[in-house]
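Below is one structure, written out as structure tokens, with a few remarks after it.
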Amino acid sequence: MEFAFDAREDSLRREVQAFIAEELTAAIREDIDAGELGVQFGPIATAFFDKVRARGWTGVSWPVEYGGQGRTAMDQFIIEEEFGRAGLRIGGAGTGAPAILASGTEEQKRAFVPGCIRGDIIFAQGYSEPGCGTDLAGIQCRATRVGDTYVIRGQKTFMTSAHVATHIFLMVRTDPASRRHAGLSILLVPIDAAGITIRPLWTIQNDPVAPRGTTYGENRTNEVFFDDVVVPASCLLGEEGDGWNVAQRGLSIDRVGARRYLMSVLRDEDIVNWLKKDEAPNRALRADPVVRDKVAELWIEGQVCRLLTMRSMTIARRGGDFVHEASAEKVFAPEHGVRATEAIGQILGPHAQLLSSSPEAVEEGVFAHNLLGAFQSTINHGSVQVMRDQIARKGLGLPRPGKRGETV
Amino acid sequence: MEFAFDAREDSLRREVQAFIAEELTAAIREDIDAGELGVQFGPIATAFFDKVRARGWTGVSWPVEYGGQGRTAMDQFIIEEEFGRAGLRIGGAGTGAPAILASGTEEQKRAFVPGCIRGDIIFAQGYSEPGCGTDLAGIQCRATRVGDTYVIRGQKTFMTSAHVATHIFLMVRTDPASRRHAGLSILLVPIDAAGITIRPLWTIQNDPVAPRGTTYGENRTNEVFFDDVVVPASCLLGEEGDGWNVAQRGLSIDRVGARRYLMSVLRDEDIVNWLKKDEAPNRALRADPVVRDKVAELWIEGQVCRLLTMRSMTIARRGGDFVHEASAEKVFAPEHGVRATEAIGQILGPHAQLLSSSPEAVEEGVFAHNLLGAFQSTINHGSVQVMRDQIARKGLGLPRPGKRGETV
Amino acid sequence: MDVLPDEDEAAIQATAEDFLAAECTPALVRAAERDAARWSPALFARIAELGWLRLCLPEEDGGDGLPLTHLAVLFDVLGRHLAPVPMHGTMVGAITLARCGTPAQRAILPAVGRGEARIALAIQEADGSWSADALALRGRREGDGIILDGAKSFVDGFRESTHAIAAFLLDGAPALALLESDAPGLSATDLVTTAKDSSASLVFDGVRVPASRIIAGAAPLRLLMDLAAAFLAAQMAGAARRATERAADYAKDRVAFGQPIGAFQAIQHMAADMLIGAEGAQLLAREAIWRLGEGLPATVEAAQAKAFANEKCLAACRSAQQIHGGIGFIEVHDQQLWYRRVAAWAHRCGTAREHRRTVAAALLDQQGPVRLDVPLVAE
Amino acid sequence: MDVLPDEDEAAIQATAEDFLAAECTPALVRAAERDAARWSPALFARIAELGWLRLCLPEEDGGDGLPLTHLAVLFDVLGRHLAPVPMHGTMVGAITLARCGTPAQRAILPAVGRGEARIALAIQEADGSWSADALALRGRREGDGIILDGAKSFVDGFRESTHAIAAFLLDGAPALALLESDAPGLSATDLVTTAKDSSASLVFDGVRVPASRIIAGAAPLRLLMDLAAAFLAAQMAGAARRATERAADYAKDRVAFGQPIGAFQAIQHMAADMLIGAEGAQLLAREAIWRLGEGLPATVEAAQAKAFANEKCLAACRSAQQIHGGIGFIEVHDQQLWYRRVAAWAHRCGTAREHRRTVAAALLDQQGPVRLDVPLVAE
């Protein structure tokens, strides 16, 4: 056991912090905020991200031969955490590249991974459909093999970055006779392929728009329609019919890591730092033992989130396989985020309802917007219900339910 | 709506309180405590209970023709509550009489109900078996009709009052080919029938014995073995094979009412009244805003327990049927009891572990013993899991599970 | 002891449910959100026609003189349908005036009963405290009246009100002032809340209130705050119950893993807890309102109801979101309407912490033992 | 950053698990409960032979000088098997002496390593507070030493100890006294706890302690209390984890409603939460112990671990009882052993409320912003 980062990691963290403090100017921030989802922005921000890339802080843990840095997952965590704390997303989660590295052909790796690292290629995740979210095995979006092409027909939803993406990491049913997990495949689909229609789904964070750093603060996601979209068969990732396993390798990265961790715990720090402000209401709340007790309770839970994340990082570093540990993190941390959000509401009182554009809003309304969004992290990328099923079965060996008898 | 007792009920309550204050002497208490389960005791206590009966405070809501008073269920609640607060059990729950009144023959009603009221007849409840508790439909204890008799063979467990009872309210399987709820019957079996063996099961409240008023403080329950026990066929209650329905009518009374209510909430009052004592540690804890906040939270939950109980009483008074209301009470109140017990532990600190015989024990160790027992009330007479199933299905119309598919 | 609606109350409840289910659709709620005024004058006019506003006003003030429990069931139904009308402040204000006002002050009540006068409550100030001890707005005596200089915040429904009742300090003691919303010197800034209803901060710049419009003393403010907390708790219970029913309905239809998600025990148990939370809040609120109607002390009961509702009704609505999965996050889906509103209501009229402080004081700072069924009286 | 046992730690853990699974059976635990001394000298002797007691003592004191994390895994395994041996007080005391003691005071350590010296901790007093501020026992200087008159309470393992370390006030500041358990003037009264292990109240009637046996200053007491809280949290995490595993095993076998109860989602989700609670406590405790081993400030980390363990490990053990149904209540069934012990441990070495107070002070009463991954230092 070693509950500390090593000297090299500490120094990396300081370097990233110093870089952000020096380089991330107000002008760059404005440029980034004017863009979408931290990926579409103007020339000032582009220059900034070029510097980030020049430092080797994107594609950190990916292989050198595909444009990565070949460094440790912990280095990547540190870099992502520091940029995440500054409100910026730096590569990694949700990009599709991990799955391509795991299952792609040599050609696909060369075609996509360097672009993902450079930011030229942005994947949207094409899993959910109107009829299936948590249970992805119900996917109906169909791709039919016709000669050297696939013809795609169907609909996807909650494709958050579709409107800024260059490609879709698309899960389709290639075997129409198949059921459940069998007969699914992953296609890497160019977003500009003919027959793709993207329609915005505005979220409850849209009016007014959630401030930076809100947990699940996206103001837009998308429905995407595929109307006989023809793509070359070379878009297939991995084996046809093996899409479930191909996707699992890519999905798991969204359940752990810096982004998920920060999403769940930033409010713990925010409320403490807000209470420490030298203003009268803050002073009064800070002196209230009931507030203090609650804040300490949240803080301790936040520490558990951190340690569960560090446990996942330890397992990854050691090259081991997860049993139930990633699922445990994906239950405790999101639900902590919800508990923290609601507890903070009862500390702030009526200020907790004031959104970003409101006079008298506290911290640009981040607590209020978080209240609107936090529950989403208990659903996306595997609901806490499904995660608990997995903990019980994998971590404790409990049996799958069979046909249940009468219960009353 | 009328959130108050009427003048007659208030006066009844005052009368019972005055009676207990005047008549329940230390000598009587001693005599009762020397007995078992509030039903076996010496001549002093017997004289006291004769006076209670003379006031018409047993069998309160049962028909006059069978020795009852024909009064309201609320009168019975008030009387049971006041005696319960004094640590005494007065008729009603668990006696078997409600089920006999609902399903018995005229002869059975005359044979048993007046005796239950007088205290001459005491029923032990013979439901659980080693292989079935929550799922009573798994009962295997067999009764075979042989001429004008039933021959009983099998085993029961957790028969708490078997060692003081005169009869067993016994659920048996009369149709060996039947499964689940079908083919069960209820027999009213004299405890002294040949072939019945009673063995004590000592509980974790036995050494030292839990003080009076501990939630689930029984120090003994029993296993009961039936070795070809022959009883007359007239012991059958209701129709042969209809035992499930016969029992439901008797069981429901154990899920609501004064005893269940007090079991869940007495600690709320106890901790407040203990904190109000004029001693230094109590004063210090009483002044701690964190303790105050927690005690208020428990108190509010206790009020919800009271109101859920009053809702059940309202439904009963109006002659309506329960939908999910009794189940809601049977979820919230026992779990509140557990929450209260554990929260009080973190208020009391190391005193919370001191049992009844310990020096320095707080309130004779009632909080510590409660910690040992409170969880039992989330299990007995229908686990909170089964109760929640019922709330969801009956209260919200959610479907029974069918054959579940793969969940991951 | 009868904790369920009686025949009259049940009839009002059924009528209100039928009416609002038909008239107060999610589309109407959305339209009110988009409107600059953020309420539905048309719906409020219909409600006035139906007589709900005069139901519990005294007969001598043009009301029907029915017990306050009728409002308990009405607020439940208004909460169920998220009715965008200024019933809460108007009824709280009107009943306070009916109880504590002079005949001159009560002169507004017939207009309230007709829906013509609408009242907003200006109780809290910038720090958000829900406590008479936190009052900072002071009245300065001048001639036959007082002058108010200062500010109020979190004044819900001010834009659609004709009047406001403001709490302030007069000679160091609490008092209430009945003001016209357009009183000279009074200005409002809109707040933007998760509920997207109307809420405002007020600035009092030498606002003159004649002595005849002042109600002095701590008791009227106490009554006003108790009514506000209890009525809002009732409204939250209704909303939470409806959110629970909607989630259950969704769970019956939505299929995952080969069966309706409502057949999964995890969803069933979550739904059961949602229902219990909503029902517990409803019972607590109804008890408080019944006591208020009987003229009994109810500060502790109102505090209990709001403390419990804040946590449990919000949890029920959040679980309803969870059951709805991704669509709970999407603006065009209706479920979020319940969540956003209850997320605001859970922070109005006092936090759980503040209300528990009231309960704790009643429990611990008075002589003598307590019993759960013996009401506590706040100091 | 590596939060899992390394090769050495894992080896110790595996050895300890094998040994205690075989030797420290529920029957042995029960026998210790029935014994007047309430511990197992035989098991402790075997543990001493295995060298566990000297593992983390300094080499110059006859120890193996291994990092304290080895004790973290040992306390986990001791908790798993409810080992009725005085490891907790003995190790806490010994490490405090090793860190803060004079050479003369450290002279006891080789005997500790051999199992011959066993230490009980006399920290708390009659009011049960876990705080140096609550010390009331005062030492009076007399000649070359001090005289202690007063009382201590909740002294766990005193009956089986050869020594006690008592916290007291010397000239108004905290100090520790190393005493022989049979010191003249020292008398004990047994307490009866849910754990049915040994715990006592002590009366000091003119107990004389030579100056050479005094360790003055707040820091040694702080270290002692941090070690006590962190080790006990580690032990609770182990017990909760094992209770969870046992409940899961039971749920695989026990059939109800036509399937093993462990196939019900309600049971599965309860079990998942039990596991997470035990693992969270384990991680928090291990971090605290690692920091203590590195000589870093760890008061906040120890407080975090014990606060979390008190609530979550007790909840896990209680849920294990719930899964066991009626038999959880029966003395002859073993599951209750875990529940009864953790029900005691959850109330020793500080309540959640007390430990959260420590965390809150470190969070809120110091300058500068906080970050979750930057350790807080208690004042």
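Every chain is numbered from 1, with letters handed out A, B, ... down the list of sequences.
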Is a donor from one side chain sitting under 3.5 angstrom from an acceptor on the other, for C:T194 and A:Q353? no
Heavy-atom contact with chain C under 4.5 Å, split by part of A:T221: side chain
Quick one: do the A:Q346 and C:N310 side chains pair a donor with an acceptor below 3.5 Å? yes
Donor-acceptor pair, C:R353 side chain versus A:I347 backbone, under 3.5 Å? yes
Can you find a pair of side-chain heavy atoms, one from A:Q376 and one from C:Q322, that are under 4.5 Å apart? no
Please determine, among C:A343, C:A195, C:A126, the option with the most heavy-atom pairs under 4.5 Å with chain A. C:A126
With only heavy atoms counted, which part of A:N282 is less than 4.5 Å from chain C, the side chain, the backbone, both or neither? neither
A:D288 and C:R357: salt bridge (Lys or Arg N to Asp or Glu O under 4.0 Å), yes or no, with the steps? CA-CA 11 Å; A:D288 182 337; C:R357 195 187 296 149; 3.2 Å; yes
Which bit of A:E279 is near chain C, if near means a heavy-atom gap under 4.5 Å: side chain, backbone, both or neither? neither
Under 3.5 Å donor-acceptor, A:D135 side chain and C:A256 backbone: no
Interface residue of largest heavy-atom contact number with chain C, from A:P350, A:S356, A:C132, A:G131, under 4.5 Å: A:P350
Would you tell me whether C:S201 and A:E360 have side-chain atoms, one donor and one acceptor, within less than 3.5 Å of each other? yes
Heavy atoms of A:Q385 and C:A266 approach each other most closely as CG-CB, 4.0 Å
In this structure, is the centre-to-centre distance between the rings of A:F158 and C:F329 below 6.0 Å? no
